[in-house]
Amino acid sequence: MDIDGIFVDRVFPAEPQNERYTRVNCAPSGPLLAAIDGTGPAWVGNLIVEGAHVPGRPVNESCEPGCKGCFDTMEELLDVRVVAHRPAADGSGLFDIGLEGHRREGDNNQGGAVAPAVFGYRLIVWSAADGSDPEEAPAGECQDVAGLFLDRPASWPPGPPLRLLGCRPGLIGLVEAELAHVRVDGTVTNWAGNNPCSDTSWPPARPPSVRTCSTSPWTRASRSR
């Protein structure tokens, strides 16, 4: 008769939380370099982190267009801002760059929980800080990304429990009708008009040798075991 708890105010999905990432041993270029040396804004927009997954290929060398390996290892960070940078600890002349942003939800890399098996990452910015240029711009490369691959809470949290009020348990209507022709002994009763000798008989893809033909509106056809 009623459902208690279904009509309540709640916001789905949960608002994304800003995260802190560190580009380790990074050689920045383009908008990312400009954010570090002060010639450009700290906000760089949306940052594609593309895994270099092919052995022997330079990290900054992209694969052919449509490469599945690149797509499967890719991560996308949104609303990214440079918040810190320092020389890399190994004295290589590279940088460790601190960023703030949030990950676009997706299934890649087990939902962002497991780092892919790659040899480094290409960085690509696809929106200018002023919003005037939606084209992709190379932003350098890095050896690792700290703080990106971790377990996160579900963006669609469970809602409140529901109570069904005034219920009459049981299978009725279409559900009952759908189950009525399935027998516990593994056989199926075909409905009228469903010729078991036709290509549309139940179950599908059953060899003709196990079908029983009849002009009766009710027939039994044994399941193959």
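Because the structure is predicted, anything quoted here is derived from the model rather than measured. FYI, side chains are in, hydrogens and waters are out, and symmetry mates aren't considered; it's all heavy atoms of this structure.
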Handout entry: Evaluation steps, side chain to side chain contact (heavy atoms under 4.5 Å, CB included), between Tyr121 and Glu75
Key = CA-CA 10 Å; Tyr121 297 92; Glu75 293 287 335; over 6 Å; no
Problem - Asp107, CG: over 12 other non-hydrogen atoms inside 6.0 angstrom - result: no
Fill in the blank from the handout: Shortest non-hydrogen pair, Tyr21 vs Gly101, comes out as OH-O, 3.7 Å
Exercise for the section: Step by step, work out the side chain to side chain contact (heavy atoms under 4.5 Å, CB included) result for Arg23 and Val145. Expected result: CA-CA 5 Å; Arg23 298 287 177 269; Val145 186; 2.6 Å; yes
Problem - Common cluster, Val24/Val82, ILVMFWY with side-chain heavy-atom separation under 4.5 Å - result: no
Problem - Asp151 atom CG, neighbour heavy-atom count above 12 within 6.0 Å - result: no
Practice task
Using the side chain to side chain contact (heavy atoms under 4.5 Å, CB included) rule, pick out the option among Leu123, Asp144, Asp96 that qualifies with Cys26.
Solution key: Leu123
Exercise for the section: Identify the heavy atoms of Ile6 and Leu162 that sit nearest to each other, and give their distance. Expected result: N-CD2, 3.5 Å
Practice task
Quick one: list whatever passes side chain to side chain contact (heavy atoms under 4.5 Å, CB included) with Ser62, sequence neighbours left out.
Solution key: Glu50, Arg122
Exercise for the section: Please report the shortest heavy-atom distance between Arg103 and Gly112, naming the atom on each side. Expected result: NH2-N, 3.1 Å
Exercise for the section: Could you tell me the separation between the CG atom of Asn18 and the CG atom of Leu78, rounded to the nearest 0.5 Å? Expected result: 10.5 Å
Handout entry: Side chain proximity check, Phe95 to Cys142, heavy atoms < 4.5 angstrom
Key = no
Exercise for the section: Please check if the side chain of Asn108 supplies one atom and the backbone of Met74 the other of a donor-acceptor pair under 3.5 Å. Expected result: yes
Fill in the blank from the handout: Across all chains, not counting sequence neighbours, the side chain to side chain contact (heavy atoms under 4.5 Å, CB included) partners of Asp72 are Lys68
Practice task
Mark yes when over 12 heavy atoms from residues, nucleotides or ligands other than Phe119 sit less than 6.0 Å from its CZ; otherwise mark no.
Solution key: yes
Practice task
Starting from the C-alpha separation in whole Å, work towards a yes-or-no answer on side chain to side chain contact (heavy atoms under 4.5 Å, CB included) for Met1 and Leu165.
Solution key: CA-CA 6 Å; Met1 295 179 60; Leu165 307 178; 5.6 Å; no
Problem - Neighbour count >12 (heavy atoms, 6.0 Å) for atom CD, Glu61 - result: yes
Exercise for the section: Could you check Val80 against Val125 for side chain to side chain contact (heavy atoms under 4.5 Å, CB included), going step by step and ending with a plain yes or no? Expected result: CA-CA 10 Å; Val80 174; Val125 171; over 6 Å; no
Problem - Over 12 foreign heavy atoms within 6.0 Å of CZ, Arg163 - result: no
Problem - Contact check, side chains of Leu77 and Leu148, non-hydrogen atoms, under 4.5 Å - result: yes
Problem - Where Ser92 and Asp90 come nearest, the two heavy atoms and their spacing - result: OG-OD1, 2.7 Å
Exercise for the section: Give the minimum heavy-atom separation between Pro41 and Ala35, together with the two atoms involved. Expected result: O-CB, 3.3 Å
Fill in the blank from the handout: The reported gap from NE2 in His102 to CZ in Arg104 (rounded to nearest 0.5 angstrom) is 8.0 Å
Problem - Any donor-acceptor N/O pair, Asn46 side chain to Glu76 backbone, under 3.5 Å - result: no
